[in-house]
Amino acid sequence: MGKTWRAMGMSFLVLVLIGLIACVSCQSDGDDSSAKVFDDNFQIMWAQDHFRTSENGQVWHLVLDEKSGSGFKSKNRYRFGWFSMKLKLVPGDSAGVVTAYYMSSDTDMNRDELDFEFLGNRSGQPYGLQTNIYSNGVGGREQRHILWFDPTTEFHTYSILWNAHQIVFFVDQVPLRVHRHTKATRDVFPRKQGMYMFSSIWNGDNWATRGGLEKTNWEAAPFVSSYKKFHGLGCKWEDENTTQSSCAHSNNASARHWWDKPVAWTLTKKQREYYRWVNSKYLTYDYCHDQPRYPNKPVECSVAPWD
(Lines give C-alpha, C1' and ligand atoms only; values in the text may rest on other atoms or scores of the structure.)
Protein backbone atom coordinates (compact mmCIF):
# COMPACT_ATOMS: atom_id res chain seq x y z
CA MET A 1 0.00 0.00 0.00
CA GLY A 2 2.97 2.40 0.43
CA LYS A 3 3.41 3.05 -3.31
CA THR A 4 -0.34 3.26 -3.72
CA TRP A 5 -0.71 5.95 -1.06
CA ARG A 6 2.21 8.00 -2.42
CA ALA A 7 0.83 7.91 -5.95
CA MET A 8 -2.64 8.77 -4.77
CA GLY A 9 -1.55 11.71 -2.71
CA MET A 10 0.30 13.68 -5.38
CA SER A 11 -2.48 15.04 -7.55
CA PHE A 12 -4.94 15.86 -4.80
CA LEU A 13 -2.48 17.06 -2.19
CA VAL A 14 -1.28 19.86 -4.47
CA LEU A 15 -4.86 21.05 -4.87
CA VAL A 16 -5.54 20.96 -1.13
CA LEU A 17 -2.34 22.77 -0.25
CA ILE A 18 -3.22 25.69 -2.53
CA GLY A 19 -6.38 26.28 -0.56
CA LEU A 20 -4.81 25.77 2.85
CA ILE A 21 -1.85 28.05 2.21
CA ALA A 22 -4.10 30.76 0.82
CA CYS A 23 -6.40 30.52 3.83
CA VAL A 24 -3.56 30.89 6.31
CA SER A 25 -2.52 34.18 4.73
CA CYS A 26 -6.04 35.60 4.28
CA GLN A 27 -8.74 34.62 6.74
CA SER A 28 -11.75 36.77 5.84
CA ASP A 29 -13.86 34.02 4.28
CA GLY A 30 -12.49 30.80 5.79
CA ASP A 31 -11.06 29.66 9.10
CA ASP A 32 -7.79 27.74 9.43
CA SER A 33 -7.85 26.44 12.99
CA SER A 34 -4.64 24.44 12.97
CA ALA A 35 -3.07 27.20 15.07
CA LYS A 36 -6.18 28.19 17.00
CA VAL A 37 -7.99 26.95 20.05
CA PHE A 38 -11.44 25.44 20.10
CA ASP A 39 -13.33 28.58 21.14
CA ASP A 40 -12.24 30.45 18.02
CA ASN A 41 -14.48 28.34 15.83
CA PHE A 42 -16.83 26.18 17.92
CA GLN A 43 -19.21 26.16 20.85
CA ILE A 44 -20.37 23.30 23.06
CA MET A 45 -23.97 22.22 22.42
CA TRP A 46 -24.50 20.22 25.62
CA ALA A 47 -22.66 18.57 28.53
CA GLN A 48 -19.76 20.97 28.94
CA ASP A 49 -18.36 18.60 31.58
CA HIS A 50 -18.00 15.91 28.89
CA PHE A 51 -15.72 18.09 26.77
CA ARG A 52 -11.96 18.36 27.30
CA THR A 53 -9.00 20.00 25.59
CA SER A 54 -5.27 19.49 25.63
CA GLU A 55 -3.18 21.99 27.59
CA ASN A 56 -2.40 24.02 24.47
CA GLY A 57 -6.00 23.87 23.25
CA GLN A 58 -5.03 22.18 19.99
CA VAL A 59 -6.65 18.77 20.63
CA TRP A 60 -10.29 18.41 21.69
CA HIS A 61 -12.04 15.42 23.23
CA LEU A 62 -15.70 14.44 23.47
CA VAL A 63 -16.64 11.96 26.18
CA LEU A 64 -19.51 9.48 26.42
CA ASP A 65 -20.52 7.66 29.60
CA GLU A 66 -23.78 6.36 31.02
CA LYS A 67 -24.81 9.87 32.04
CA SER A 68 -24.29 11.71 28.78
CA GLY A 69 -22.46 12.25 25.56
CA SER A 70 -21.45 15.66 24.23
CA GLY A 71 -21.23 17.68 21.05
CA PHE A 72 -20.01 20.90 19.49
CA LYS A 73 -21.09 23.19 16.67
CA SER A 74 -19.28 25.75 14.53
CA LYS A 75 -20.00 29.41 15.16
CA ASN A 76 -20.26 30.07 11.43
CA ARG A 77 -22.47 28.67 8.70
CA TYR A 78 -21.07 28.10 5.22
CA ARG A 79 -22.46 27.67 1.74
CA PHE A 80 -20.01 25.69 -0.37
CA GLY A 81 -16.36 25.06 0.40
CA TRP A 82 -13.80 22.54 1.68
CA PHE A 83 -14.22 21.33 5.25
CA SER A 84 -11.87 18.94 7.01
CA MET A 85 -10.98 17.74 10.49
CA LYS A 86 -8.57 15.22 11.91
CA LEU A 87 -10.25 12.61 14.14
CA LYS A 88 -9.04 9.75 16.29
CA LEU A 89 -11.91 7.45 17.20
CA VAL A 90 -12.88 5.57 20.35
CA PRO A 91 -10.49 2.63 20.89
CA GLY A 92 -11.19 -0.83 22.28
CA ASP A 93 -14.68 -2.15 22.83
CA SER A 94 -16.73 0.65 21.29
CA ALA A 95 -19.77 -1.29 20.05
CA GLY A 96 -22.89 0.86 20.12
CA VAL A 97 -20.94 4.13 20.25
CA VAL A 98 -21.54 6.62 17.43
CA THR A 99 -19.17 9.47 16.69
CA ALA A 100 -20.89 11.84 14.27
CA TYR A 101 -19.09 14.50 12.24
CA TYR A 102 -21.36 16.35 9.87
CA MET A 103 -22.63 19.53 8.27
CA SER A 104 -26.24 20.61 8.76
CA SER A 105 -28.44 23.61 8.08
CA ASP A 106 -29.87 22.99 11.57
CA THR A 107 -33.39 23.62 10.33
CA ASP A 108 -36.32 21.42 11.25
CA MET A 109 -38.52 20.13 8.47
CA ASN A 110 -36.35 21.14 5.52
CA ARG A 111 -32.83 20.53 6.77
CA ASP A 112 -29.89 19.86 4.49
CA GLU A 113 -27.21 17.62 5.96
CA LEU A 114 -23.98 15.81 5.01
CA ASP A 115 -23.06 13.06 7.49
CA PHE A 116 -20.04 11.07 8.54
CA GLU A 117 -21.13 8.58 11.23
CA PHE A 118 -18.46 6.32 12.72
CA LEU A 119 -19.96 3.13 14.08
CA GLY A 120 -18.16 1.52 17.00
CA ASN A 121 -17.12 -2.13 17.12
CA ARG A 122 -16.24 -5.00 19.37
CA SER A 123 -12.52 -5.16 20.06
CA GLY A 124 -10.63 -6.47 17.06
CA GLN A 125 -13.44 -5.87 14.56
CA PRO A 126 -13.17 -3.22 11.83
CA TYR A 127 -14.74 0.20 12.26
CA GLY A 128 -17.76 1.05 10.13
CA LEU A 129 -18.30 4.42 8.47
CA GLN A 130 -21.79 5.47 7.37
CA THR A 131 -22.37 8.50 5.17
CA ASN A 132 -25.75 10.05 4.51
CA ILE A 133 -27.15 13.03 2.63
CA TYR A 134 -30.27 15.00 3.50
CA SER A 135 -31.84 17.41 1.04
CA ASN A 136 -34.84 19.53 2.03
CA GLY A 137 -35.53 17.30 5.01
CA VAL A 138 -35.30 13.97 3.20
CA GLY A 139 -32.47 11.54 3.99
CA GLY A 140 -32.38 7.77 3.69
CA ARG A 141 -29.31 7.89 1.44
CA GLU A 142 -27.00 5.73 3.55
CA GLN A 143 -23.81 4.17 2.32
CA ARG A 144 -21.56 2.13 4.60
CA HIS A 145 -17.88 1.32 4.29
CA ILE A 146 -15.43 -0.59 6.42
CA LEU A 147 -12.37 1.52 7.17
CA TRP A 148 -9.20 -0.04 5.77
CA PHE A 149 -7.04 1.11 8.70
CA ASP A 150 -7.32 1.35 12.47
CA PRO A 151 -8.84 4.82 13.09
CA THR A 152 -8.17 4.63 16.84
CA THR A 153 -4.36 4.66 16.89
CA GLU A 154 -3.64 7.78 14.82
CA PHE A 155 -5.47 10.85 13.57
CA HIS A 156 -6.94 10.64 10.08
CA THR A 157 -8.46 13.41 8.00
CA TYR A 158 -12.15 13.36 7.07
CA SER A 159 -13.26 15.99 4.58
CA ILE A 160 -16.23 17.25 2.60
CA LEU A 161 -15.89 19.07 -0.71
CA TRP A 162 -19.10 20.93 -1.47
CA ASN A 163 -19.59 23.17 -4.48
CA ALA A 164 -22.36 23.81 -6.99
CA HIS A 165 -21.27 20.80 -9.06
CA GLN A 166 -20.65 17.98 -6.62
CA ILE A 167 -20.39 16.85 -3.02
CA VAL A 168 -17.49 14.50 -2.26
CA PHE A 169 -16.74 12.69 1.01
CA PHE A 170 -13.03 12.04 1.55
CA VAL A 171 -11.16 9.82 4.00
CA ASP A 172 -7.61 11.15 3.98
CA GLN A 173 -7.18 11.70 0.22
CA VAL A 174 -9.54 8.88 -0.82
CA PRO A 175 -12.90 9.97 -2.30
CA LEU A 176 -15.37 7.32 -1.22
CA ARG A 177 -18.65 9.01 -2.15
CA VAL A 178 -19.79 11.46 -4.85
CA HIS A 179 -23.18 13.19 -5.09
CA ARG A 180 -23.45 15.23 -8.30
CA HIS A 181 -25.58 18.21 -9.18
CA THR A 182 -27.20 17.56 -12.53
CA LYS A 183 -30.49 18.43 -14.18
CA ALA A 184 -31.87 15.13 -12.87
CA THR A 185 -30.68 15.72 -9.28
CA ARG A 186 -31.30 19.44 -8.84
CA ASP A 187 -34.16 18.78 -6.39
CA VAL A 188 -32.07 16.43 -4.23
CA PHE A 189 -28.79 18.38 -4.20
CA PRO A 190 -28.25 20.58 -1.10
CA ARG A 191 -27.33 24.05 -2.36
CA LYS A 192 -29.75 26.67 -1.05
CA GLN A 193 -29.00 26.73 2.68
CA GLY A 194 -25.91 27.48 4.70
CA MET A 195 -24.66 24.71 6.98
CA TYR A 196 -22.88 24.55 10.31
CA MET A 197 -20.20 21.99 11.12
CA PHE A 198 -21.08 19.64 14.00
CA SER A 199 -19.61 16.73 15.89
CA SER A 200 -21.01 14.63 18.69
CA ILE A 201 -20.63 11.34 20.51
CA TRP A 202 -23.65 9.39 21.68
CA ASN A 203 -25.09 5.97 22.42
CA GLY A 204 -26.58 4.39 19.32
CA ASP A 205 -26.67 0.77 20.40
CA ASN A 206 -30.21 0.31 19.12
CA TRP A 207 -28.84 0.30 15.56
CA ALA A 208 -25.15 1.18 15.20
CA THR A 209 -23.33 -2.16 15.54
CA ARG A 210 -24.68 -5.20 13.69
CA GLY A 211 -28.06 -3.55 13.42
CA GLY A 212 -28.38 -3.15 17.18
CA LEU A 213 -27.43 -6.70 18.13
CA GLU A 214 -24.26 -5.51 19.87
CA LYS A 215 -25.00 -3.32 22.88
CA THR A 216 -22.78 -0.71 24.52
CA ASN A 217 -20.48 -2.16 27.16
CA TRP A 218 -20.62 0.54 29.81
CA GLU A 219 -17.88 -1.17 31.79
CA ALA A 220 -15.53 0.06 29.04
CA ALA A 221 -16.64 3.69 29.52
CA PRO A 222 -15.71 6.50 29.30
CA PHE A 223 -15.53 6.50 25.52
CA VAL A 224 -13.47 9.33 24.05
CA SER A 225 -13.20 10.66 20.50
CA SER A 226 -10.48 13.22 19.70
CA TYR A 227 -10.23 16.08 17.20
CA LYS A 228 -7.74 18.58 15.87
CA LYS A 229 -6.92 20.82 12.89
CA PHE A 230 -10.27 21.98 11.61
CA HIS A 231 -10.14 23.69 8.24
CA GLY A 232 -13.22 25.51 7.03
CA LEU A 233 -12.48 27.05 3.63
CA GLY A 234 -15.78 28.32 2.37
CA CYS A 235 -18.25 31.12 1.87
CA LYS A 236 -19.65 32.26 5.18
CA TRP A 237 -23.43 32.25 5.09
CA GLU A 238 -25.16 35.28 6.53
CA ASP A 239 -28.70 34.87 5.17
CA GLU A 240 -30.58 33.85 2.04
CA ASN A 241 -28.98 36.78 0.19
CA THR A 242 -25.51 35.25 0.56
CA THR A 243 -24.53 34.05 -2.89
CA GLN A 244 -21.67 31.98 -4.13
CA SER A 245 -20.79 34.59 -6.74
CA SER A 246 -20.40 37.43 -4.21
CA CYS A 247 -18.16 35.23 -2.09
CA ALA A 248 -16.07 34.03 -5.02
CA HIS A 249 -15.58 37.55 -6.34
CA SER A 250 -13.96 38.80 -3.14
CA ASN A 251 -10.26 39.71 -2.97
CA ASN A 252 -7.83 36.88 -3.83
CA ALA A 253 -10.80 34.67 -4.72
CA SER A 254 -8.86 32.66 -7.28
CA ALA A 255 -6.55 31.38 -4.56
CA ARG A 256 -8.92 31.04 -1.63
CA HIS A 257 -11.79 29.49 -3.54
CA TRP A 258 -9.94 26.70 -5.32
CA TRP A 259 -12.79 24.41 -4.22
CA ASP A 260 -15.06 25.99 -6.83
CA LYS A 261 -12.62 26.06 -9.74
CA PRO A 262 -13.05 23.63 -12.66
CA VAL A 263 -10.43 21.27 -11.24
CA ALA A 264 -12.77 20.68 -8.25
CA TRP A 265 -15.94 20.21 -10.30
CA THR A 266 -15.23 16.54 -10.96
CA LEU A 267 -12.81 13.91 -9.71
CA THR A 268 -9.34 13.82 -11.22
CA LYS A 269 -8.10 10.72 -13.00
CA LYS A 270 -6.18 9.57 -9.93
CA GLN A 271 -9.13 10.24 -7.63
CA ARG A 272 -11.34 8.12 -9.88
CA GLU A 273 -8.90 5.23 -9.53
CA TYR A 274 -9.10 5.37 -5.77
CA TYR A 275 -12.85 5.83 -5.78
CA ARG A 276 -13.11 2.55 -7.72
CA TRP A 277 -10.60 0.90 -5.39
CA VAL A 278 -12.33 1.83 -2.13
CA ASN A 279 -15.82 1.00 -3.34
CA SER A 280 -14.82 -2.34 -4.85
CA LYS A 281 -13.17 -3.48 -1.61
CA TYR A 282 -14.80 -1.73 1.33
CA LEU A 283 -18.37 -0.77 0.46
CA THR A 284 -20.76 -2.93 2.49
CA TYR A 285 -24.12 -1.21 1.91
CA ASP A 286 -25.53 1.17 -0.68
CA TYR A 287 -29.13 2.34 -0.51
CA CYS A 288 -29.14 2.54 -4.30
CA HIS A 289 -28.96 -1.27 -4.43
CA ASP A 290 -31.55 -1.89 -1.70
CA GLN A 291 -34.50 -2.84 -3.90
CA PRO A 292 -36.82 -3.98 -1.08
CA ARG A 293 -36.39 -0.59 0.52
CA TYR A 294 -36.51 1.39 -2.72
CA PRO A 295 -38.50 -0.50 -5.41
CA ASN A 296 -38.24 2.66 -7.48
CA LYS A 297 -34.60 3.65 -7.55
CA PRO A 298 -33.95 7.23 -6.34
CA VAL A 299 -33.08 9.58 -9.20
CA GLU A 300 -29.52 10.24 -8.02
CA CYS A 301 -28.73 6.52 -8.16
CA SER A 302 -28.86 6.64 -11.97
CA VAL A 303 -26.31 9.46 -12.17
CA ALA A 304 -22.70 8.39 -12.67
CA PRO A 305 -20.08 9.84 -10.25
CA TRP A 306 -18.47 11.59 -13.22
CA ASP A 307 -19.11 12.06 -16.94
query = Between Trp82 and Trp258, what is the ring plane arrangement, given parallel below 30°, perpendicular above 60°, and tilted in between?
reply = tilted
key: Under 3.5 Å donor-acceptor, Asn110 side chain and Gly137 backbone   = no
ask   = Is there a donor-acceptor contact under 3.5 Å from the side chain of Thr209 to the main chain of Gly120?
value = yes
ask   = Within a radius of less than 6.0 Å around CZ of Arg122, do more than 12 heavy atoms belonging to other residues, nucleotides or ligands occur?
value = yes
query = Mind checking whether Tyr134 and Met195 sit in one hydrophobic cluster, side chains of I, L, V, M, F, W, Y counted as touching below 4.5 Å?
reply = no
key: Pair Asn163-Lys261, side chain to side chain contact (heavy atoms under 4.5 Å, CB included): steps then yes or no   = CA-CA 9 Å; Asn163 56 42; Lys261 299 303 174 184; over 6 Å; no
key: Atom pair CD/CG of Gln143 and Asp286 - distance to nearest 0.5 Å   = 4.0 Å
task = Look at the rings of Phe189 and His181 and say which category their plane angle falls in: under 30° parallel, 30 to 60° tilted, over 60° perpendicular.
result = parallel
message = Tell me whether Asp115 contacts the main-chain N or O of Glu117 through its side chain, where contact means a donor paired with an acceptor under 3.5 Å.
response = no
key: Ile44 with Phe42, same ILVMFWY side-chain cluster at under 4.5 Å   = yes
remark   = Exactly one candidate in Val63, Val98, Leu64 meets side-chain contact (heavy atoms from CB on, under 4.5 Å) with Ile201; the answer is Leu64
ask   = Among all residues two or more places apart in sequence or in another chain, which pass the salt bridge (charged side-chain N to carboxylate O under 4.0 Å, His left out) test with Arg293?
value = Glu142
query = Does Gln291 CD have over 12 foreign heavy atoms under 6.0 Å away?
reply = no
request  = For Ser105 and Thr107, run side-chain hydrogen bond (donor to acceptor under 3.5 Å, both in side chains): C-alpha distance rounded to whole Å, both residues' side-chain angles, the deciding distance at 0.1 Å, then the answer.
outcome  = CA-CA 5 Å; Ser105 59; Thr107 48; 2.8 Å; yes
message = Any heavy-atom pair between the side chains of Tyr102 and Ile160 that's under 4.5 Å?
response = no
query = Just how far is it from atom NE2 of His145 to atom CG of Leu129, taken to the nearest 0.5 Å?
reply = 7.5 Å
query = Taking the side chain as C-beta and beyond, is there a heavy-atom pair between Leu176 and Tyr275 under 4.5 Å?
reply = no
Exercise: identify the closest heavy-atom pair between Lys297 and Cys288 = CE-O, 3.6 Å
query = If you round to the nearest 0.5 Å, how far is CH2 of Trp60 from CG of Asn41?
reply = 6.5 Å
task = Check whether Phe169 and Phe80 end up in the same hydrophobic cluster, where Ile, Leu, Val, Met, Phe, Trp and Tyr are linked by side-chain heavy atoms less than 4.5 Å apart.
result = yes
query = Lys215 side chain to Gly212 main-chain N or O, any donor-acceptor pair under 3.5 Å?
reply = yes
ask   = So do Arg186 and Arg191 actually touch side chain to side chain, heavy atoms under 4.5 Å?
value = yes
message = Main chain of Arg111, side chain of Asp108: is a donor-acceptor contact present, judged purely on distance under 3.5 Å?
response = no
Sidechain-backbone polar pair: Arg141 side chain, Val138 backbone, donor-acceptor under 3.5 Å = yes
task = For the residue pair Phe83 and Trp162, categorise the inter-ring angle as parallel (less than 30°), tilted (30 to 60°) or perpendicular (more than 60°).
result = tilted
query = With hydrophobic residues grouped by side-chain heavy-atom distances under 4.5 Å, do Leu161 and Val303 end up in a single group?
reply = no
request  = Report the distance from atom CG of Leu87 to atom CG of Leu89, rounding to the nearest 0.5 Å.
outcome  = 6.0 Å
query = Do you know the tightest heavy-atom contact between Tyr294 and Gly140?
reply = OH-O, 2.6 Å
task = Return the orientation label for the Tyr158 and Phe118 ring planes: parallel under 30°, perpendicular over 60°, tilted otherwise.
result = perpendicular
request  = Keeping the roles fixed (side chain from Ser74, backbone from Met197), state whether a donor-acceptor pair exists under 3.5 Å.
outcome  = yes
Ring geometry between Tyr196 and Phe198 (parallel below 30°, tilted from 30 to 60°, perpendicular above 60°) = perpendicular
ask   = Can you check whether His50's main-chain N or O pairs, donor with acceptor, with Lys67's side chain at less than 3.5 Å?
value = no
inquiry  = For a 4.5 angstrom cut-off between non-hydrogen side-chain atoms, does Val188 reach Val299?
reply    = yes
query = Any side-chain heavy-atom pair from Arg272 and Trp306 closer than 4.5 angstrom?
reply = yes
ask   = Salt bridge check: are Lys73 and Asp106 linked by an N-O gap of less than 4.0 Å?
value = yes
query = Taking atom CE of Met103 and atom CG of Leu114, what is their separation to the nearest 0.5 Å?
reply = 6.5 Å
task = Take His61 and Ser225 through the test side chain to side chain contact (heavy atoms under 4.5 Å, CB included) and record every step on the way to the result.
result = CA-CA 6 Å; His61 310 283; Ser225 56; over 6 Å; no
message = With a 4.0 Å cut-off on N to O distance, would you call Asp307 and Arg180 a salt bridge?
response = yes
ask   = Does Leu267 reach the side chain of Val168, with side-chain heavy atoms less than 4.5 Å apart?
value = yes
query = Is Trp46 reachable from Tyr101 through a run of hydrophobic residues whose side-chain heavy atoms are each under 4.5 Å from the next?
reply = no
query = Can you find a heavy atom in the side chain of His179 that is under 4.5 Å from one in the side chain of Glu300?
reply = yes
remark   = Correct closest heavy-atom pair for Val59 and Ser226 would be CG1-CB, 4.4 Å
key: Worked check of side chain to side chain contact (heavy atoms under 4.5 Å, CB included) between Asp290 and Tyr285   = CA-CA 8 Å; Asp290 193 340; Tyr285 175 82; 2.7 Å; yes
inquiry  = Tell me whether Trp148 contacts the main-chain N or O of Tyr282 through its side chain, where contact means a donor paired with an acceptor under 3.5 Å.
reply    = no
Charged tip of Lys228 within 45° of Phe155 ring normal and under 6.0 Å = yes
Within the 6.0 Å centroid threshold, strictly below: Trp237 and Tyr78 = no
key: Distance flag, aromatic centroids of Tyr127 and Phe149, threshold under 6.0 Å   = no
task = State plainly whether the residues Lys88 and Glu154 are in salt-bridge range, i.e. N to O under 4.0 Å.
result = no
query = Between Phe72 and Tyr227, is the gap from one ring center to the other below 6.0 Å?
reply = yes
message = Looking at every heavy atom in both Ser94 and Pro91, which two are closest together, and how far apart are they?
response = CB-O, 4.4 Å
query = Just by distance, do the side chain of Asp205 and the backbone of Thr216 share a donor-acceptor pair under 3.5 Å?
reply = yes
inquiry  = Do Ile133 and Pro190 have side chains that approach each other closer than 4.5 Å (heavy atoms only, starting at C-beta)?
reply    = yes
task = Indicate the atoms forming the closest heavy-atom contact of Val97 with Val90, along with that distance.
result = CG1-CG2, 4.2 Å
query = After noting the C-alpha distance and the side-chain angles of Thr99 and Phe223, does the key distance pass the side chain to side chain contact (heavy atoms under 4.5 Å, CB included) rule?
reply = CA-CA 10 Å; Thr99 300; Phe223 304 103; over 6 Å; no
Working for side-chain hydrogen bond (donor to acceptor under 3.5 Å, both in side chains), residues Asp260 and His165 = CA-CA 8 Å; Asp260 194 45; His165 302 270; 4.5 Å; no
task = Taking all non-hydrogen atoms of both residues into account, name the closest pair between Asp93 and Ala220 and its distance.
result = O-CB, 3.9 Å
